[in-house]
Amino acid sequence: ACPMRFTCVCTDIETGKAVYHDLPYGDEHDIEWIRASSAIPVATRPVAIEGRKYLDGGVADSIPSAWLFAQGYDRNIVVLTQPAGFVKQPNSVMPMLRRVFRHYPEFVAALEHRHEVYNATLDDLARREAAGEIFVVRPSESVKVPSLCRDPDELERIYQIGRRDAEATLPALEAYLAG
């Protein structure tokens, strides 16, 4: 019953491009899109939906801010998972990824250039944040964990960092939203 729009991003493994999909119902079909949007390459199989195969949207568009800005909203909030000053490095397992996804050259190209696109997006966000065009929420310290972390203590530590940072950010966020 929530009137807010909810959209996920997936990467089409044939094209290597981002696909944005609205999830209006929360039904089984929407759940498949959510599953695809978080399907980590190599760790999970591609998710087939309507004759296409998808993996994690973060491959093609790690920070979908350009898509957000294209929607025309007048107040934009971007939530990052890395602290200020973070620079994404090239993927150290690219040789293995090239072999695994050798039948999907466009997907491999997206993987190879992911760090460049990510860092360019961070530069754009910094410019927009300085101009007051967006509000950026980011952790105050590194919350780096393995992609498949199952350690409850480590997950709790990261949760508490996020909670603390959100509480500290709330007054500035409220001011931004008030205009």
Distance, nearest 0.5 Å, that separates [atom1] of [X] from [atom2] of [Y]:
{"X": "L111", "Y": "E106", "atom1": "CG", "atom2": "CD", "value": "11.5 Å"}
{"X": "R128", "Y": "N76", "atom1": "CZ", "atom2": "CG", "value": "8.0 Å"}
{"X": "L173", "Y": "I77", "atom1": "CG", "atom2": "CD1", "value": "4.5 Å"}
{"X": "D22", "Y": "W33", "atom1": "CG", "atom2": "CH2", "value": "10.5 Å"}
{"X": "T15", "Y": "K53", "atom1": "OG1", "atom2": "NZ", "value": "13.5 Å"}
{"X": "D74", "Y": "L177", "atom1": "CG", "atom2": "CG", "value": "9.5 Å"}

List the atom of [X], the atom of [Y], and the distance in Å for their closest heavy-atom pair.
{"X": "D27", "Y": "D30", "result": "OD1-N, 2.9 Å"}
{"X": "A60", "Y": "A18", "result": "CB-N, 3.4 Å"}
{"X": "P41", "Y": "V59", "result": "CG-CG2, 3.8 Å"}
{"X": "S142", "Y": "I161", "result": "O-CD1, 4.4 Å"}
{"X": "K144", "Y": "R157", "result": "O-NH2, 4.4 Å"}
{"X": "V47", "Y": "A39", "result": "CG2-CB, 4.3 Å"}

Check whether any side-chain N or O of [X] sits under 3.5 Å from a backbone N or O of [Y] as a donor-acceptor pair, and report yes or no.
{"X": "T11", "Y": "D56", "answer": "yes"}
{"X": "Y118", "Y": "V87", "answer": "no"}
{"X": "Y176", "Y": "E133", "answer": "yes"}
{"X": "D12", "Y": "E14", "answer": "yes"}
{"X": "R102", "Y": "V108", "answer": "no"}

- Task: Start with the C-alpha gap between L80 and L125, add the side-chain angles, then the distance that decides, and say whether side chain to side chain contact (heavy atoms under 4.5 Å, CB included) holds.
- Result: CA-CA 10 Å; L80 299 177; L125 292 174; 4.0 Å; yes
- Derivation of the side chain to side chain contact (heavy atoms under 4.5 Å, CB included) call for T121 and S65: CA-CA 8 Å; T121 301; S65 57; 3.4 Å; yes
- State plainly whether the residues E167 and R164 are in salt-bridge range, i.e. N to O under 4.0 Å.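 R164 and E167: not salt-bridged.
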- Item | Positive for side chain to side chain contact (heavy atoms under 4.5 Å, CB included) with Y54, one of V9, I49, I13 |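 Result for side chain to side chain contact (heavy atoms under 4.5 Å, CB included) with Y54: I49.
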- Query: After noting the C-alpha distance and the side-chain angles of V42 and M96, does the key distance pass the side chain to side chain contact (heavy atoms under 4.5 Å, CB included) rule?
  - Reply: CA-CA 10 Å; V42 180; M96 182 267 297; 4.1 Å; yes
- Please examine the side chains of R114 and M94, heavy atoms only from C-beta on, and report whether any two atoms are closer than 4.5 Å.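 Contact flag for M94/R114 side chains = no.
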In terms of hydrophobic clusters joined by side-chain contacts under 4.5 Å, are [X] and [Y] together?
{"X": "V136", "Y": "Y73", "answer": "yes"}
{"X": "F6", "Y": "V19", "answer": "yes"}
{"X": "V117", "Y": "I63", "answer": "no"}
{"X": "V137", "Y": "L68", "answer": "no"}

Is the number of heavy atoms from other residues, nucleotides or ligands within 6.0 Å of [atom1] ([X]) greater than 12?
{"X": "R45", "atom1": "CZ", "result": "no"}
{"X": "E28", "atom1": "CD", "result": "no"}
{"X": "K88", "atom1": "NZ", "result": "yes"}
{"X": "Y159", "atom1": "OH", "result": "no"}

- Task: Using the ring of F135 (Phe, Tyr or Trp, six-membered ring only), decide whether R75 places NZ or CZ under 6.0 Å from its centre and within 45 degrees of its axis.
- Result: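 Ring-cation test returns no.
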- Taking the six-membered ring of F86 as reference, does the NZ or CZ atom of R138 fall below 6.0 Å from its centre and within a 45° cone about the axis?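 Here R138 fails the 6.0 Å and 45° test against F86.
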- Task: Look at the rings of Y20 and W67 and say which category their plane angle falls in: under 30° parallel, 30 to 60° tilted, over 60° perpendicular.
- Result: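 Correct class here is parallel.
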- Task: Please test L55 against F101 for side chain to side chain contact (heavy atoms under 4.5 Å, CB included), starting from the C-alpha separation and ending with a verdict.
- Result: CA-CA 12 Å; L55 283 170; F101 294 107; 3.8 Å; yes
- Task: Using only heavy-atom distances, determine whether the side chains of H21 and E32 contain a donor-acceptor pair under 3.5 Å.
- Result: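 Judged by distance alone, the side chains do not pair up.
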